[in-house]
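Notes to accompany the following structure.
A, B, ... follow the sequence lines: proteins, then strands. Residue 1 opens every chain.
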Protein chains: 2
Amino acid sequence: MTATIGELTLDTIHQMDVNDGLKDLPESSIDLIIADPPYGINYRSGSRKRKFTTIRNDDTIMADWLTDAHRVLKDGGALYCYTRWDVYAEWYNRISQHFTIKNCIIWHKNGGGMGDLRGAYSPAHEFLIYAVKGRHILKGKRISDVWQVPRDPGATYVHPTQKPVKLAEMIIEKSSEPVDIVLVPFCGSGGDCVAAKKLGRRFIAFDVEQQYIDAANGRLAEAA
Amino acid sequence: MTATIGELTLDTIHQMDVNDGLKDLPESSIDLIIADPPYGINYRSGSRKRKFTTIRNDDTIMADWLTDAHRVLKDGGALYCYTRWDVYAEWYNRISQHFTIKNCIIWHKNGGGMGDLRGAYSPAHEFLIYAVKGRHILKGKRISDVWQVPRDPGATYVHPTQKPVKLAEMIIEKSSEPVDIVLVPFCGSGGDCVAAKKLGRRFIAFDVEQQYIDAANGRLAEAA
DNA sequence: ATGTCGTTTGAATCCCGCA
DNA sequence: CTGCGGGATTCAAACGACA
C-alpha cells in the first residue's frame, strides 16, 4: 500500500506543472516547502559546452503557485525559496503577499562565477528567502543567516541550477521533524528529495521535464 | 588656500541636509559615492544601555537624493549604498531608476544579532548595493561579492550604525584612484572619510547632526 | 602560546499596556 | 479593535580575565 495525500502518492516525483499539482493537495497538508523556482531571467547555462537547454518557464517571474503553496501549508509551517539579488525584489514582494518573511539567508558558495569580469564582483552567493505561515519555531540551536556550503562539483551536475544536498538538509533539520511532509514544487536535480529521504521525512515533488525526473530518481535510488 | 567644488570646501564634513548639499555641487564633479542612508526602519539602538538616540529621517525610505547623486557623479563613476534585506526591494528599485546595479555585495559580519530568537536565524549580514553610471572598471584583481569583515567593537562606536573603516577602504581601493573625490552623503561615524583620507583621496561629506560631525572630526584627527 | 570560564553585546522582535 | 510606544527578553559568538 502506498501513502498518498489528495490524489498524489508520497515519496514520488510527479511529472506535472506545479499549479496543476498543487490543486490536488488538500489545505494544510504540508509541513515544509522548499522551492527552487526558475529565477525568471531566462537562464542559459554559461559553461562552454552548453550541457543543458534553456529552462522552461524561465522568461517571466512565475509566482502563481505561491497562492496554492500557502493554502496547502500547515499553520506554523515554513517556506524556503531560492532566488538571486537581481530578481529578489520581485520575489520578496510576491512572497510577502502570502507569507511572513523572516530572513534572507545567504548561501555563500565557494569559488566565483563569471559575468562581467572587469566591471563587477565575482558572484559567490545566492539568496534563500525564509518565510512562515503563522508562528514557526526553528529546531535546535540558533544559527546565523549566512550559510557557507560548497557547490557540488560541476561534473556531478544533473541540472543547471543544482543546489547541494547539504543546504536541503540544513533547511529540513531546522524546520521539520521526522515523518513530516516536505513539498518540493520544482524538483530539478532532486537534491531536496534526497535530503528528505535521508532524514526520514516524506516528500511530494513536481517537475515538468521528464529528463530531470529520471536523473532525480537515479540520485534517490543511489541514496537508498 | 582651501580646495573647493562648487561652493563647498573639500575634506570637510558639512552640517547640511544631503539634498541641500548636493544642490551646491556641479554636474560630474564626483568620482565615487559611498552612502549609508537611514534604512527607513525606525531603528532603535537595541543595546541594553541605550547609548544612542534614534536616527533622524529613519521613518521613511528617503531616496530623493539619488537624483542629484546621479547628476554630480562622473560618467564611469560608482555608487555604493548600504541597505538591509528587508528594505532592499525598495532601495533596489529606486537606485535602478538612476544607476545600473552591478552587484549586491554581502557584508558578512561576525557575531549575530538579536531579533526573533526562536523563529528566525541570527542576522549576520548587511547588503551593499554596487551601482554604476556608464562603464566603471574595478581596480586590481577580481574579488568576490561576499566580504567578511568584523564589526568595530561596540565600545568604540560613536554612531549607532557604524561601519568598519575596512569596508570603506575596500570600496575606495576598488573604485577610485588617488586624488579622486569621494562623496559621503550620510557621514555618520565618519569611517568613509577616514578611509578616504588614509588612502589619499579627497572627500566631501554631509550630515545633519552636529554631534556626529564632531565625533567624525575626532576620528579624522586621530587618523592623521 | 593555549585553554577555560565568565561577561558582554548585537541596523531585533515580541508583547503588553495604553490611547 | 487597531495602532503605537517602550520594556523585557534571548542565544551564540566574541572578548577579556585569569590560570
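- The residue among B:Pro150 and B:Gly115 whose nearest nucleotide of DNA chain D is located toward the 5' end is B:Gly115.
- In this structure, B:Tyr43 reaches the C:dA12 phosphate: one of its side-chain N or O atoms is under 4.0 Å from OP1 or OP2.
- Nearest nucleotide to the side chain of B:Tyr157, out of C:dC14, C:dA11, D:dT10: C:dA11.
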Got a list of side-chain donor-acceptor pairs under 3.5 Å for residues 208-216 of chain B, not counting sequence neighbours?
from	atom 1	to	atom 2	distance (Å)
B:Glu209	OE2	B:Arg56	NE	3.2
B:Gln210	NE2	B:Asp214	OD1	3.0

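- Separation of the A:Phe206 and A:Phe186 ring centroids does not fall under the 6.0 Å cut-off.
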Inset, instruction - Step by step, work out the side-chain contact (heavy atoms from CB on, under 4.5 Å) result for B:His125 and B:Trp85. - result: CA-CA 9 Å; B:His125 65 80; B:Trp85 65 273; 4.2 Å; yes

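- Atom NZ of B:Lys166 sits in a sparse spot, with 12 or fewer heavy atoms from other residues, nucleotides or ligands closer than 6.0 Å.
- Nearest to the side chain of A:Arg142, among C:dC14, D:dA12, C:dA11, sits D:dA12.
- Rounded to whole Å, atom P of D:dC11 lies 12 Å from atom CG of B:Asp116.
- If you check C:dC14, D:dA14, C:dA11 against the side chain of B:Asn110, the one that comes closest is D:dA14.
- With respect to A:Phe127, the ring-ring contact (aromatic ring centres under 6.0 Å, His included) criterion is satisfied by exactly one of A:Tyr88, A:Tyr39, A:Tyr80: A:Tyr88.
- Across all strands shown, B:Gly111 has heavy atoms under 4.0 Å from sugar-phosphate atoms exclusively, and none from any base.
- Comparing atom distances between the B:Arg44 side chain and each of D:dA12, D:dG7, C:dA11 picks out D:dG7 as nearest.
- When distances run from any side-chain atom of A:Lys102 to the nucleotides D:dT10, C:dA12, C:dT13, the shortest one goes to C:dT13.
- Of the residues near DNA chain D, B:Pro153 and B:Arg118, the one whose nearest nucleotide (by heavy atom distance) lies more toward the 5' end is B:Arg118.
- Looking at A:Glu173 and A:Lys139, no side-chain N of the basic residue comes within less than 4.0 Å of a carboxylate O on the acidic one, giving no salt bridge.
- Neither OP1 nor OP2 of C:dA11 sits under 4.0 Å from any side-chain N or O of B:Lys163.
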Inset, instruction - Using Watson-Crick or G-U wobble pairs with both distances under 3.5 Å, give me DNA chain D in dot-bracket, 5' to 3', with [ ] for crossers and | for pairs to another strand. - result: .||||||||.|||||||||

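- Heavy atoms of B:Gly112 sit under 4.0 angstrom from at least one base atom.
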